[in-house]
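Data first, discussion second: the structure below is written as structure tokens.
All of these numbers come straight from a predicted model, not from anything done at the bench.
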Amino acid sequence: MFRKILIANRGEIACRIISTARRLAVRTVAVYSDADADARHVRMADEAVHLGGSTARESYLVWRRIVDAARTTGAQAIHPGYGFLSENAEFAQACTDAGLVFIGPPPSAIAAMGSKSAAKTLMAQAGVPLVPGYHGDNNEPAFLAVEAERVGYPVLIKASAGGGGRGMRRVDRPEDFVDALASCRREAKASFGDDRVLVERYVTRPRHIEIQVFGDAHGNVIHLNERDCSVQRRHQKVLEESPAPGMSEARRAEMGAAAVAAAKAVGYVGAGTVEFVAEERYDGDIRAYFMEMNTRLQVEHPVTEAVTGIDLVEWQLRIADGEPLPLAQHDVALRGHAIEARICAENPDHGFLPATGRLAVMRWPEYVAFRRHRDDAWLPRVDSGFGEGDAVSPYYDSMIAKLIVWGEDRAMALARLDEALRDTHIVGPHNNVAFLRRVVRSRAFATADLDTALIERERAALFEAPPLPAEVVAAGVAAQLLAEDRALEDADPWSRRDAWRLYGQAQRRLDLECGGQPLAAVLTRRHDGAATLAVGAQSWPFGALARGGGRHDVQLGEHRHALAVYRDGARFALFADEGSALALALDRVADAVEHAADGGGLAAPMPGKVVSFLVAVGERVQRGQALAVIEAMKMEHTLHAPRDGVVAEFLYAAGDQVAEGGELLRLADAAAA
């Protein structure tokens with residue numbers, strides 16, 4: 001086994017690799033950018049080497065610095081993780097040329113499968129069904145537009161060297177093709193350094209099913225069953241599970257055999273994933289088309305680990321060190337059901353715009369790390385590249401963590417995931433935890449009515465969820481304030497703020513904002529300790545018992561609530577069994593309203609880089625019209641006019657960095673112009 005490896009990546013996958021390496025007594029070297037100087041993967045590794053600036057192009061994509069770092073530190077091998085350089089054949093070859101082991105497939109296999117176009121050509125020659133489309137090398141816009149017409153709309157433009165949903169656009173009309181192509185290419189270039197694309201027919205109600213394969217240097221290749229990754233937003237996965245619901249043993253064997261054949265065709269070594277887009281036929285059967293092969297470990301690999309009991313990173317290290325596969329195909333187990341939820345810093349209610357900021361609170365349910373023999377396998381597993389107090393930056397993708405559960409069957413796994421998401425508490429940047437819980441509880445997901453448009457189909461249930469009742473929010477804030485009062489009193493008895501009176505009663509008014517609405521409540525306490533809470537014209541007997549760590553047992557009338565409340569300045573984040581809410585002190589609301597009123601133009605909803613403006617100074621625009629494009633977290637986002645008006649001036653230029661809330665352009669009233 002290697003004595004020391006360098007991990008050419010960051011975040012949760014770097015931490016994940018370090019965990020297995022530590023168990024195998026393999027020392028690790030981390031690399032980091034300016035933005036990641038104090039990141040968790042840097043703190044976990046035995047050594048760390050600085051690469052350069054904050055952007056990926058200045059750091060994690062500069063493979064020469066990474067190779068130099070490995071040689072300087074005495075590392076014997078480089079693990080690329082996923083993303084960044086993991087599917088870069090030139091980087092893999094550079095590792096070999098430098099006398100280092102690349103923990104992944106040979107450069108020839110990456111070259112063959114790393115290009116979606118080349119991979120589809122190879123699969124066509126092998127007789128594997130393909131989605132109709134153009135997979136050749138001619139990337140002239142006019143030619144691709146003609147091919148899109150031939151394939152038939154809607155079409156999907158995809159980055160040839162891409163993955164992770166980046167560099168991908170659905171186009172429904174010919175007149176939108178050229179703009180979508182240009183945007184797709186820019187995003188692909190920024191993410192992968194390659195702007196080539198392919199065009200395919202968009203399959204209606206598609207399911208995304210992938211097969212995990214593993215090969216060794218002795219010619220052996222097996223598959224480790226399938227994963228269903230159909231639940232997606234913006235072409236990026238949200239929930240993944242194994243096995244795929246409704247997958248018959250015959251279909252599993254057929255798709256597994258096709259995946260193994262594809263891997264053998266390119267002399268594959270190490271971990272890889274063969275991806276299929278599947279659609280249900282008129283007879284209820286599933287027809288699967290080869291989509292691509294990812295020549296690396298996948299983000300969702302933990303669900304395969306959970307149902308097979310295999311540590312895939314350990315297999316990667318052992319096979320890269322020359323060992324044969326430890327199991328034959330007939331030895332591969334498939335036990336129970338596992339689901340992974342990707343927890344991201346993003347705002348689902350505003351088009352999943354990525355968010356940044358400090359993780360003031362990050363509390364997980366009781367969990368265990370991956371265990372080889374699956375002891376306590378039902379407990380949630382958390383893979384994360386962040387710790388409480390760390391900050392989510394705008395330079396990389398928005399994933400905070402992965403939450404993985406296992407159950408004896410899918411129903412049990414669903415119940416455990418719902419419970420685990422309920423007990424996941426994150427305060428700071430916007431995040432998708434509450435949204436994920438709504439997806440898990442939705443009829444479509446619960447009944448395995450899956451396709452990549454599930455989120456859009458279930459929009460009414462997923463985006464219009466009722467908030468916590470106002471009285472519950474007020475009760476949670478009151479309970480937290482009382483707990484803070486008691487802590488202060490314990491430290492300084494002269495600062496007592498209890499309700500003792502010689503006669504009469506004490507009142508405390510709570511002026512809050514919740515869900516965009518004002519919330520006023522009055523907490524009344526008598527000298528005998530009895531209390532009531534009033535919201536509007538209603539009043540309830542009130543009692544609160546602090547359990548520590550922000551947890552409270554709250555009695556409101558006849559109903560007892562178990563609440564977790566965390567205070568971050570003027571914000572109170574509340575978590576209950578029925579949902580969560582954020583309450584803000586009214587003085588902070590007034591400041592925010594006053595600041596917003598000062599505006600009159602278009603502000604950036606997140607930090608990023610200005611890609612382009614879509615209008616000119618002096619042009620009249622209408623509310624909702626596309627005005628500008630910014631790039632944040634490796635994806636492009638189109639910003640629209642907040643109102644009617646005339647473009648008065650630009651405050652930034654293409655290529656400039658802009659902070660969250662920065663005004664990009666000013667709008668004048670149309671009448672005044």
Quiz item: Under 4.5 Å between any side-chain heavy atoms of Lys237 and Glu210, yes or no?
Solution: yes
Quiz item: Can Asp397 and Arg10 be counted as an ion pair, charged N to O under 4.0 angstrom?
Solution: no
Quiz item: Charged N to carboxylate O under 4.0 angstrom, Arg233 versus Glu346?
Solution: yes
Quiz prompt | Pairs meeting criterion ring-ring contact (aromatic ring centres under 6.0 Å, His included) with involvement of residues 16-47, two or more places apart | solution = Tyr32-His50
Quiz item: With no hydrogens and no angle check, do the side chains of Arg296 and Gln298 hold a donor and an acceptor under 3.5 Å apart?
Solution: yes
Quiz item: Does some side-chain heavy atom of Val62 sit less than 4.5 Å from a side-chain heavy atom of Leu51?
Solution: no
Quiz item: OG of Ser393 to CG of Asp34: how many Å apart, nearest 0.5 Å?
Solution: 11.0 Å
Quiz item: Is a salt bridge present between Glu340 and Arg381, judged by a nitrogen-to-oxygen distance below 4.0 Å?
Solution: no
Quiz item: Are the side chains of Lys609 and Thr55 in touch, meaning some heavy atoms are under 4.5 Å apart?
Solution: no
Quiz item: Do His208 and Glu275 have side-chain heavy atoms sitting under 4.5 Å apart?
Solution: yes
Quiz item: Any side-chain donor paired with an acceptor under 3.5 Å for Ser19 and Arg23?
Solution: no
Exercise. Could you tell me whether Arg416 and Glu408 have a side-chain N and a carboxylate O separated by less than 4.0 Å?
Key: yes
Quiz item: Is there side-chain contact between Asn347 and Phe435, with at least one heavy-atom pair below 4.5 Å?
Solution: no
Practice problem: Measure up the Phe91 and Trp63 rings against each other and bin them: parallel (under 30°), tilted (30 to 60°), perpendicular (over 60°). | Solution: tilted
Practice problem: Identify which one of Ile339, Val307, Leu417 satisfies the side chain to side chain contact (heavy atoms under 4.5 Å, CB included) criterion when paired with Trp406. | Solution: Val307
Quiz item: Can you find a pair of side-chain heavy atoms, one from Asp38 and one from Arg43, that are under 4.5 Å apart?
Solution: yes
Quiz prompt | Test item: side-chain donor near acceptor, Glu87 and Thr295, under 3.5 Å | solution = yes
Quiz item: Roughly how far apart are Phe575 CZ and Leu421 CG, rounded to 0.5 Å?
Solution: 12.0 Å
Quiz prompt | Close side-chain approach of Ile310 to Glu305, heavy-atom, < 4.5 Å | solution = no
Exercise. Check whether the side chains of Ser33 and Tyr396 place a donor and an acceptor atom closer than 3.5 Å, and report yes or no.
Key: yes
Quiz item: Is the charged tip of Arg410 near the ring of Phe445: under 6.0 Å from the six-membered ring centre and within 45° of its axis?
Solution: yes
Quiz prompt | side-chain hydrogen bond (donor to acceptor under 3.5 Å, both in side chains) pairs, two or more places apart, involving residues 92-112 | solution = Gln93-Asp97
Quiz item: So, do Asp568 and Val361 sit near enough that their side-chain heavy atoms are less than 4.5 Å apart?
Solution: no
Quiz item: Which pairs pass side-chain hydrogen bond (donor to acceptor under 3.5 Å, both in side chains) with one or both residues in residues 259-273, sequence neighbours excluded?
Solution: Arg227-Thr273
